[in-house]
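We're numbering straight along the sequence, starting at 1. Atoms within a ligand are numbered from 1 in the order they appear, just like the ligands themselves.
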Amino acid sequence: MPAHRPALTPAVLEKGICSGDRTLLARAITMAESTKPVDQKKISSLLKRLLPRTGKSIRIGITGVPGVGKSTFIEVFGELLARQGKKIGVLTVDPTSQKTKGSILGDKTRMERLSRHPNVFIRPSPTGHALGGVTFHTREAILLCEAAGFDVILIETVGVGQSETIVRGMVDFFLLLVLAGAGDELQGIKKGIMEMADGIVVTKADGENIKAAKQAQADALQALHFQEAPASGWKPKVLTTSSTEGKGIEAVWKMIEDFEMNTKKSGYFGTNRNDQQEQWLEESVALLFNELMHHSTVLKQKTRLMKLVRKNQLLPTEAAQVLWKLVRKTAG
Ligand code: GDP
């Protein structure tokens with residue numbers, strides 16, 4: 001007989017999360033990712049209860065192409081912060097969704113050392129989600145981790161284009177990892193992504209790669225030089241690190257601390273978070289509207305109207321009116 005588990009009411013989850021129960025935190029995140037209306041209702045109620053405990057962490061987005069060294073960096077960076085007594089929440093990509101035929105044993109060791117640290121909670125986002133590990137519910141996961149008392153939240157995403165923009169919209173500091181060498185120094189990094197970065201780190205600056213890393217650092221600085229000044233008033237920095245040798249890692253944290261201090265002083269930090277809240281509302285509305293447009297009754301009617309429109313038997317504007325009335329009725 002399976003052990004009896006208490007019902008996961010918002011009150012039970014709240015108590016568990018606030019007392020540092022990792023299992024309940026993980027289950028709440030799973031619930032946030034669920035599409036079931038009953039789960040969504042519970043999460044809304046839970047987040048409302050937890051809201052006063054949220055917002056106190058520094059939210060850091062970390063991106064870069066597969067193989068750039070994200071997980072190795074997060075491991076040593078997280079360990080550094082954990083040693084300082086900080087509590088770290090890592091929202092990471094599931095390696096099985098990142099690598100097509102990667103070695104299973106290799107995948108299992110991703111951030112293994114860090115995951116054993118008592119100050120650290122690692123949450124891989126489930127396979128099957130597109131957008132480089134980011135989901136619409138990553139924001140809720142951030143709030144849940146904050147309520148659980150994590151001081152630093154690291155949100156990893158693989159460079160698949162759209163995911164960077166989404167993560168940028170939910171973090172305070174956006175860190176781009178790049179590789180040195182291999183021909184064109186800033187290979188594969190789209191200009192738009194560089195423009196989003198508050199800091200760039202050239203990884204694997206060790207051994208024979210040091211010279212190439214320094215060159216890539218100079219190239220990135222040069223590229224930044226021609227960029228418009230960001231709204232934060234913060235001048236993005238370019239650093240080099242070696243995760244395997246543990247070099248340059250502290251400087252990354254120092255950069256983020258400087259950023260936080262500067263932008264809190266200027267007021268940008270708070271304004272940016274307020275803007276992000278607004279953005280969240282916009283996205284939620286768009287999501288609801290999208291759901292409504294995919295409601296079976298609406299879809300059926302839309303298909304019927306489409307046929308008439310194609311045959312020139314109905315004006316598209318008229319069809320839109322009919323559809324709009326139905327959408328309003330369906331929304332109740
Ligand atoms: P991710 O796909 O971006 O998460 O990259 P990983 O962290 O899995 O690293 C990809 C490969 O680069 C692995 O074989 C790592 O051992 C190696 N790697 C990561 N960081 C460093 C580093 O600082 N120096 C060197 N030489 N290799 C590194």
Side chain or backbone, does Gly67 bring an N or O within less than 3.5 Å of an N or O on ligand 1? yes
Value rounded to 0.5 Å, distance of OG1 in Thr297 from CG in Leu292: 9.5 Å
Could you go step by step and tell me if Gln301 and Arg304 meet the side chain to side chain donor-acceptor pair (under 3.5 Å) rule? CA-CA 5 Å; Gln301 179 74 316; Arg304 194 183 72 81; 2.9 Å; yes
For residues Ser57 and Asp172, determine if any side-chain heavy atom of one lies less than 4.5 Å from a side-chain heavy atom of the other. no
Please determine whether the number of non-hydrogen atoms from other residues, nucleotides or ligands lying under 6.0 Å from atom NZ of Lys56 exceeds 12. yes
Under-4.0 Å heavy-atom contact with ligand 1, by part of Asp206 that carries it: side chain
Using a 4.0 Å cut-off to any heavy atom of Pro66, which atoms of ligand 1 qualify? 2 (O)
Under-4.0 Å salt bridge between Arg116 and Glu112: yes
Val65 contact mode with ligand 1 (heavy-atom cut-off under 4.0 Å): backbone
Tell me, do Val152 and Trp253 make a side-chain contact under 4.5 Å, heavy atoms counted? yes
Is Ser242 close enough to touch ligand 1? Criterion: a residue heavy atom under 4.0 Å from a ligand atom. yes
Take Asp198 and Arg168 through the salt bridge (charged side-chain N to carboxylate O under 4.0 Å, His left out) test and state the conclusion after the steps. CA-CA 10 Å; Asp198 299 300; Arg168 185 74 199 88; 2.8 Å; yes
Atoms in ligand 1 with a heavy atom of Ser71 nearer than 4.0 Å: 4 (O), 6 (P), 7 (O), 8 (O)
With respect to Gly69, determine whether any N or O atom, backbone or side chain, lies less than 3.5 Å from an N or O atom of ligand 1. yes
Using distance alone, determine whether Thr244 and ligand 1 share an N or O pair under 3.5 Å. yes
Just distances here: any N/O of Glu156 and N/O of ligand 1 closer than 3.5 Å? no
Please compare Asn209, Thr72, Thr240, Val68 and report which has the shortest non-hydrogen distance to atom 15 (C) of ligand 1. Thr72
